[in-house]
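Only one structure is covered here, and it is reproduced in the block below.
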Amino acid sequence: MAQKDDAMADMTTPHINTKGLSRNFGGLIAVNAVDFEVPKGEIRAIIGPNGAGKSTFVGMLCGRIAPSSGEIMFAGQNITAMPAHRRIRQGMAYTFQITSIFARLTLKENVRLATSWRWNGDESAIEEATHAALEQVGLADRMHQIAGDLSYGHQRLLEIAMGISQHPELLILDEPTQGLADSEIASFVKLIRDLGGDMTILLIEHNMNVVMDTADKITVLNLGTELATGTPQDIRANKAVQTAYLGETHA
Amino acid sequence: MMMSDSKKSVVFHLGFLALLFLLQFILPAYHHGNLARIMVLATYAMGYNILFGYTGLLSLGHAMFFAAGMYGMGLTMTHLGWTAGPGMLAGLLAGGLVSAGIGFLALRTSGVSFMIVTLMFAQAGFLTILYFGEWTRGDEGFVIRQADRVFAGIDLSHPTYRYLAALLLFGICLMLTIRLMQSRFGHVLIAIRENEERTQMLGYDVHFHKWMAVIASGTMAAVAGAAYALLFGYAGATFASVQYSIFPLLWVLLGGAGTALGPFIGTLFMFYLIDLSSSLTTAYMLIAGVALVLLTLFLPQGLVGEWRRKMMPWLT
Amino acid sequence: MELAPYLILGCIEGLVTAAVLALMAVGLSLVFGVMRVVNVAHGEFFMLGAVLAWFVADQLGGHPAIAFLAALIIAPLLVGTLAMLADMTILKRISYDPERTIVATIGLLYIIQQLTLMTYGSNARPVEPPFNQRIAIPWFEWTDGGLSLYWPWGLGTTSYKLAVIGFAIILLLGIWVLMTRTRIGLIMRATQLDRDVAQAYGINVDRVYAMVFGLGAGLAALAAVLIVPIQQAHYLMGHDPLLLSFIVVIIGGLGSLVGTVIAAVMIGLSDGLISVFFTPTLAKIIATLMVTFVLIFRPSGLMGSK
């Protein structure tokens with residue numbers, strides 16, 4: 001119960017937020033002055049048509065892309081200039097949109113790379129976290145296989161396992177269900193729901209069913225700016241979202 | 001499971017070192033001398049392997065590190081009158097400093113640019129040795145007097161002691177490489193080789209690890225260079241030329257990049273190939289060229305690499 | 001001593017270097033741009049061009065201009081054909097894997113170089129230039145009668161060197177036209193943009209690759225034929241130009257032809273000027289370090305966007 005109270009108290013200060021975050025590529029403005037905040041423990045989906053700037057936006061949050069201007073705060077700390085690997089050590093985890101695993105290593109070696117610094121050489125804790133993460137995505141029985149031999153869907157799950165194995169405070173998932181089979185998507189939705197509450201989750205997702213089933217709130221990006229933020233019901237009813245989003249997909 | 005694999009690997013390599021120790025009693029003088037030389041050159045190749053084989057960074061400038069060790073030792077002994085011990089230490093420090101400096105600069109680039117930048121630095125180093133010919137005696141090089149090649153009262157120019165010294169150096173560096181690659185640091189280097197971006201996004205300072213890899217690699221190359229000058233009594237600018245940057249690449253590829261024993265096997269093979277062919281023609285580098293092309297076509301994993309793939313997946 | 005005449009001389013020498021370098025580097029850049037292949041053997045194609053030029057001229061005899069003209073056509077064709085063969089037998093078979101390609105072309109480098117040593121030998125041999133009038137560099141001085149021209153003693157260049165500069169400019173324009181105005185150029189650019197899409201549109205990518213590799217090597221050989229009346233053919237002559245053209249290609253922004261030419265002029269000129277002031281070895285050290293630092297601090301090249 002005490003934990004619950006802490007979580008409630010934390011709701012008042014955002015876990016991650018941005019102020020005027022922008023990024024230009026040459027003349028193209030990919031992300032334009034986005035103010036964004038997510039409280040601790042929330043599952044937030046970021047949606048928007050193709051080219052809305054979603055990947056660039058989370059790329060800046062996790063440090064893969066340097067912002068042109070603006071600020072990023074994480075757990076009360078300004079991390080705008082912090083290199084990506086240090087953000088990860090501060091409690092972020094990021095899974096790639098295009099599967100990025102260690103194709104010539106085994107699944108276990110893949111996940112161990114994620115866990116070994118996290119439990120700083122404590123062999124039993126590393127083993128436990130590694131097993132648990134593989135178990136959670138349903139790949140534990142394939143632990144000694146070479147990752148590159150897995151099917152595409154399983155590689156996506158391994159990618160997610162590397163993220164959750166670090167027990168991050170903030171998990172950023174960039175289009176995690178792309179290429180997954182329906183049954184895999186169902187178990188992914190369950191996994192995210194289980195994880196929510198423990199960690200803050202940012203989910204970039206195209207599959208609207210997944211978004212509606214998992215997200216506490218949704219932020220809609222369009223042309224690099226924030227169009228709307230609200231509960232799934234609000235967003236579904238939002239006229240501006242319908243024109244921007246549905247207009248584009250039907251075009 | 002994991003422990004036993006790495007133990008197996010350690011035991012296997014210790015056994016191999018024991019074999020090299022025993023070989024000295026049966027080898028004829030000519031091959032005995034060759035093997036001592038091969039062990040020192042293989043140490044150079046092992047240094048190269050840390051960067052190329054395990055970390056996945058292709059340098060074309062390692063001759064500069066080998067030469068840093070060689071001249072760090074040779075020049076302090078010849079011009080400052082240092083003895084072998086401090087001389088070796090000077091070679092090691094020279095290698096460490098040069099690789100730290102060059103690594104710091106060169107790692108601002110990657111891929112093809114890294115290759116070219118290391119090549120250019122090595123070229124500048126080679127020209128610098130020629131430019132200061134007054135001290136280095138340029139292409140001609142200089143001899144380290146036999147009287148100076150003594151360590152703790154042991155005459156290192158004597159074939160038996162030379163062989164043992166080479167084996168000691170080779171053995172230490174081999175076991176160090178294995179320890180390194182079985183450590184978490186080594187695993188991160190391999191991860192960088194496999195997928196640099198992923199490694200960073202798992203929370204590792206990729207740049208720092210690469211820098212450390214350059215320093216470890218360059219320092220081991222330098223120690224080999226210093227030992228070469230000490231054991232064989234000669235330092236010359238040839239050892240700083242492009243050819244000596246290509247050699248370790250060739251040896252490592254032939255033996256198997258990213259395997260602990262590959263550098264030795266590759267060096268052994270190539271040494272004898274060139275030894276045989278240079279009795280036939282002055283164009284002995286032709287053999288090296290043909291070997292490189294055939295390797296890429298038919299044996300991309302190298303000898304030990306193939307061997308590991310087929311028979312001993314637990315080899316480091 | 002007036003400095004200016006020496007500077008002019010340095011500039012002309014630098015432009016000759018730049019002309020040859022530009023041709024060679026454009027060849028390298030073309031191969032890198034279209035095929036994403038780093039061809040370490042490029043310097044040996046250059047060397048082979050020079051050696052073959054000597055061979056052709058030596059066999060033909062007769063008037064130097066005719067012998068030279070024959071070499072100018074035959075040597076690049078032979079070298080280009082050889083390169084195409086190498087592409088089809090080696091590079092294609094390793095599917096242009098970046099690292100293995102580098103290693104294979106290092107192997108090719110030694111094979112070509114050492115075979116040349118075995119057949120042609122280690123001598124340096126000249127090819128007679130087709131024409132070679134001496135042109136003195138004039139300078140001016142203030143005399144009682146005002147401004148007057150004089151010819152500083154011993155400073156001069158040759159008509160052939162000036163012709164090399166001119167000829168290289170014409171060739172480079174020709175390549176530019178080839179790449180931008182012809183069907184072959186279009187096919188090459190399409191392959192460069194996206195190999196798979198090009199293939200889907202019925203372009204025979206294998207043939208384009210062989211052609212580009214041959215063209216690249218042919219350009220290196222052409223550059224060598226131009227320089228061999230000034231420099232002599234030697235089996236180790238490919239080394240320095242290889243390094244320089246790598247630098248030029250990187251500084252020019254990988255794969256950009258215009259950038260490559262601009263970089264070649266810069267490198268050629270600075271090379272010419274630095275050698276006016278320093279001993280050859282020191283000049284080389286300075287030049288090497290200078291471009292290395294450019295590579296380090298402007299990794300995307302001087303013409304690059306960031």
Other residues, nucleotides, ligands: >12 heavy atoms within 6.0 Å of C:R125 CZ: yes
Region of B:Y284 in contact with chain C, defined by heavy-atom distances below 4.5 Å: backbone
Interchain contact, B:L253 with chain C, by part (heavy-atom threshold 4.5 Å): side chain
Note, B:I246 side chain near C:Y110 side chain (heavy atom, < 4.5 Å): yes
Student check: side-chain heavy atoms of B:I116 and C:L243 closer than 4.5 Å: no
Rounded distance [0.5 Å steps], CE in B:M285 versus CG in C:L109: 8.5 Å
Least distance between heavy atoms, B:M120 atom then C:I247 atom: CE-CD1, 3.1 Å
Over 12 foreign heavy atoms within 6.0 Å of CZ, B:F208: no
Closest approach of C:I111 to B:G289 (non-hydrogen atoms, all atoms of both residues): CG1-C, 3.7 Å
Side chains of B:F298 and C:R93 in contact at under 4.5 Å (non-hydrogen atoms): yes
Residues, nucleotides or ligands: over 12 heavy atoms within 6.0 Å of B:R309 CZ: yes
Nearest atoms (heavy-atom pairs only) where B:L297 meets C:I90: CD2-O, 3.9 Å
Contacting moiety of C:Y235, where chain B heavy atoms sit under 4.5 Å: neither
Distance in Å, B:L130 CG paired with C:K284 NZ, rounded so as to fall on 0.5 Å steps: 9.0 Å
Part of B:L119 lying under 4.5 Å from any heavy atom of chain C: side chain
CG on B:L105 to CD1 on C:I296, rounded to 0.5 Å: 4.5 Å
When B:V290, B:L250, B:L295 are compared by non-hydrogen pairs under 4.5 Å with chain C, the top option: B:V290
Segment of B:L60 engaging chain C (4.5 angstrom heavy-atom cut-off): side chain
Within 6.0 Å of CZ in B:F269, more than 12 heavy atoms from elsewhere: no
B:A124 to C:I285 - nearest heavy-atom pair and separation: O-CG1, 4.4 Å
Heavy-atom closest contact (B:T296 atom, C:A104 atom, distance): OG1-CB, 3.7 Å
Within 6.0 Å of CZ in B:F114, more than 12 heavy atoms from elsewhere: yes
Sub-4.5 Å side-chain heavy-atom contact between B:Q123 and C:H239: yes
Nearest atoms (heavy-atom pairs only) where B:L286 meets C:Q114: N-CG, 3.3 Å
Pairwise side-chain contact, B:F121 with C:T288, heavy-atom cut-off 4.5 Å (strictly under): no
Region of C:V38 in contact with chain B, defined by heavy-atom distances below 4.5 Å: side chain
Engaged part of B:F52 at the chain C interface, taking heavy atoms whose separation is under 4.5 Å: side chain
